[in-house]
Novice: 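Can you read through this structure? Questions will come right after.
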There are 2 protein chains.
Amino acid sequence: MDDALRAVADPTRRAILVLVRDREVSAGEIAERFPEISRPAVSQHLRTLTAARLVDVRRAGNRRFYRLRPEGLAEAVTFLETMWSTSLSRLQHEAEQEERAHTGDQDVKGSL
Amino acid sequence: MDDALRAVADPTRRAILVLVRDREVSAGEIAERFPEISRPAVSQHLRTLTAARLVDVRRAGNRRFYRLRPEGLAEAVTFLETMWSTSLSRLQHEAEQEERAHTGDQDVKGSL
DNA sequence: TAAGTGTTTAAGCAACATCTTACACACTTT
DNA sequence: AAAGTGTGTAAGATGTTGCTTAAACACTTA
């Protein structure tokens, strides 16, 4: 998960993931989409994504085709989803309590 | 989303998020959980998380209580979930096609 | 086998992130 | 008001990241 989240923290790499989500794309074709950075830079991002097991590579002749490897995101998604949803339901629960008893601010006490 | 994902990329910050998921926790109490790093380091992580809008702060007397702000994760979760699930269903679809017609490797052609 | 095409690796650099120590701030208690 | 407690900020050292240019590798075609 650590590698996956670190990899996904970079906006260029996220854009690459979107590109290779639905179909295989060659390194060159990917690089074309990022005119502002050099080919080697893209290649390095691809290496990072591969190392994080977020993409698969297929070599075909001269080229290398990249494609999303969604399983690689599983742990990261689970972590964030857990943080997100269980906490949201907690908030909802509190809202109900708030509605039930309109106790003014009780300050710290409860947490001490 | 960018800030949120960058914030979550750090393992210490992820651990902090877990700590403050279910209840408010004071800065000092958080710092106690990380004996290996200094208090200021923890404070800086808390600042990062606050800036990324991943936690809320409540000042009470001397202390500051932190708590998860799950809404801050919404975009990040949505992004990863989209990449994850839509791509998984794609794989499933392909598996069906694979089962239907056992065409041997057709190599690149389709992608050219 | 030589030249061409697609891609990665190497080396170096500038920017950024994370940690530490020292200090400052804010609130509390005496 | 002074001392104590909880916390954040500043400054600087160190490691990491992401980029660039130059070179190398791998496969294809003439």
Side-chain angles (χ1 to χ4, degrees), chain A residues 2-17 19-20 23-67 105 107-112, chain B residues 2-17 19-20 23-67 105 107-112:
Chain A
D2 201 80
D3 285 341
L5 281 176
R6 269 214 316 275
V8 150
D10 182 88
T12 303
R13 284 194 289 265
R14 283 200 299 278
I16 292 177
L17 288 182
L19 279 179
V20 302
R23 60 185 189 94
E24 283 189 331
V25 186
S26 72
E29 195 175 342
I30 292 171
E32 279 175 11
R33 302 299 204 92
F34 302 93
E36 70 276 16
I37 65 178
S38 67
R39 271 171 118 81
V42 173
S43 185
Q44 284 162 29
H45 282 307
L46 289 172
R47 176 164 49 172
T48 300
L49 289 170
T50 307
R53 310 220 51 198
L54 257 39
V55 298
D56 276 331
V57 201
R58 181 174 64 90
R59 305 178 64 148
N62 235 359
R63 323 189 195 183
R64 302 198 189 179
F65 289 90
Y66 291 87
R67 164 175 260 183
D105 289 358
D107 222 8
V108 201
K109 282 181 188 161
S111 299
L112 291 176
Chain B
D2 202 78
D3 286 341
L5 281 176
R6 269 212 316 273
V8 149
D10 181 88
T12 302
R13 284 193 291 265
R14 283 200 301 276
I16 291 177
L17 288 182
L19 279 179
V20 301
R23 60 184 190 96
E24 284 188 331
V25 186
S26 72
E29 194 174 344
I30 293 171
E32 279 175 13
R33 303 298 204 92
F34 302 93
E36 69 277 14
I37 66 178
S38 67
R39 271 172 116 85
V42 172
S43 185
Q44 283 162 30
H45 282 307
L46 289 171
R47 175 164 50 171
T48 301
L49 289 170
T50 307
R53 310 220 53 198
L54 256 40
V55 298
D56 276 331
V57 201
R58 180 174 66 89
R59 305 177 64 147
N62 235 359
R63 325 188 193 184
R64 302 198 188 178
F65 289 91
Y66 292 87
R67 164 176 261 182
D105 288 358
D107 222 8
V108 202
K109 281 180 188 163
S111 300
L112 292 176

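Proteins come first, then strands; the chains are lettered A, B, ... in the order of their sequence lines, and each starts at number 1.
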Novice: Among Arg58(B), Arg63(B), Arg67(B), find the one that has a side chain to side chain donor-acceptor pair (under 3.5 Å) with Glu24(B).
Specialist: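 Passing option: Arg58(B).
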
Novice: Just checking Thr48(B): base, sugar-phosphate only, or nothing, at a heavy-atom cut-off of under 4.0 Å?
Specialist: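 Here Thr48(B) touches no strand at all.
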
Novice: Please report the interatomic distance CG(Asp56(A)) to CZ(Arg64(A)), rounded to the nearest 0.5 Å.
Specialist: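 Atom-to-atom, Asp56(A):CG and Arg64(A):CZ are 14.0 Å apart.
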
Novice: Can you name the closest pair of heavy atoms from Arg6(B) and Asp2(B) and give their distance?
Specialist: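 For Arg6(B) versus Asp2(B), the nearest heavy atoms are NH1-OD2, 2.5 Å.
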
Novice: With heavy atoms under 4.0 Å as the rule, sort Glu32(A) into base, sugar-phosphate or nothing.
Specialist: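 Since no nucleic acid heavy atom lies under 4.0 Å of Glu32(A), the category is nothing.
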
Novice: To the nearest Å, give me how far apart CD1 (Ile30(A)) and C1' (dG6(C)) are.
Specialist: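 Going from CD1 in Ile30(A) over to C1' in dG6(C) covers 13 Å.
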
Novice: Minimum heavy-atom separation for Val42(A) and Ala31(A), please, with both atom names.
Specialist: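 Shortest heavy-atom contact: CG2-CA, 4.0 Å.
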
Novice: So, taking the atom named CG in Leu19(A) and the one named OH in Tyr66(A), what distance separates them when rounded to the nearest 0.5 Å?
Specialist: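 The distance works out to 13.5 Å.
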
Novice: At a heavy-atom distance below 4.0 Å, what parts of residues 37-46 of chain B sit against DNA chain D?
Specialist: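 Arg39(B), Pro40(B), Ser43(B), Gln44(B) - these, ordered by number, are the residues of the stretch whose heavy atoms sit under 4.0 Å from the strand.
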
Novice: Starting at CG of Leu54(A), measure out to CG of Leu46(A) and round the result to the nearest 0.5 Å.
Specialist: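 If we round to the nearest 0.5 Å, Leu54(A):CG and Leu46(A):CG are 11.5 Å apart.
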
Novice: Is there a side-chain polar atom (N or O) of Arg47(A) under 4.0 Å from OP1 or OP2 of dT9(C)?
Specialist: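 Answer is yes, contact under 4.0 Å.
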
Novice: Walking along DNA chain D from 5' to 3', note the first and the last nucleotide with an atom under 4.0 Å from a heavy atom of chain A, and give both.
Specialist: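 That gives a stretch of dT17(D) to dT28(D).
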
Novice: Taking the nucleotide of DNA chain D with the nearest heavy atom to each, does Gly28(B) or Arg64(A) sit closer to the 5' end?
Specialist: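 Looking at the nearest nucleotide for each, Gly28(B) comes out on the 5' side.
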
Novice: Roughly how far, to the nearest 0.5 Å, is the CZ atom of Phe65(B) from the CD atom of Glu29(B)?
Specialist: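 Answer rounded to 0.5 Å: 8.0 Å.
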
Novice: First locate atom CZ of Arg14(B), then atom NE2 of His45(B), and finally report the distance between them rounded to the nearest 0.5 Å.
Specialist: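 Reported value, rounded in 0.5 Å steps: 11.5 Å.
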
Novice: What residues from residues 6-14 of chain A pass a heavy-atom cutoff of under 4.0 Å to DNA chain D?
Specialist: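 Residues of residues 6-14 of chain A under 4.0 Å from DNA chain D: Arg6(A), Asp10(A), Arg13(A).
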
Novice: For the side chain of Asn62(A), counting heavy atoms from C-beta on, which of dT5(C), dT28(C), dT8(C) is nearest?
Specialist: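 Ranking dT5(C), dT28(C), dT8(C) by closest atom to the Asn62(A) side chain puts dT5(C) first.
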
Novice: Quick one: pull up CD in Glu32(B) and CZ in Arg39(B) and give me the separation to the nearest 0.5 Å.
Specialist: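 The CD atom of Glu32(B) sits 7.0 Å away from the CZ atom of Arg39(B).
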
Novice: Report which part of the nucleic acid Tyr66(A) touches: base, sugar-phosphate, or nothing (heavy-atom distance under 4.0 Å, all strands).
Specialist: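 Sugar-phosphate, no base atom in range.
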
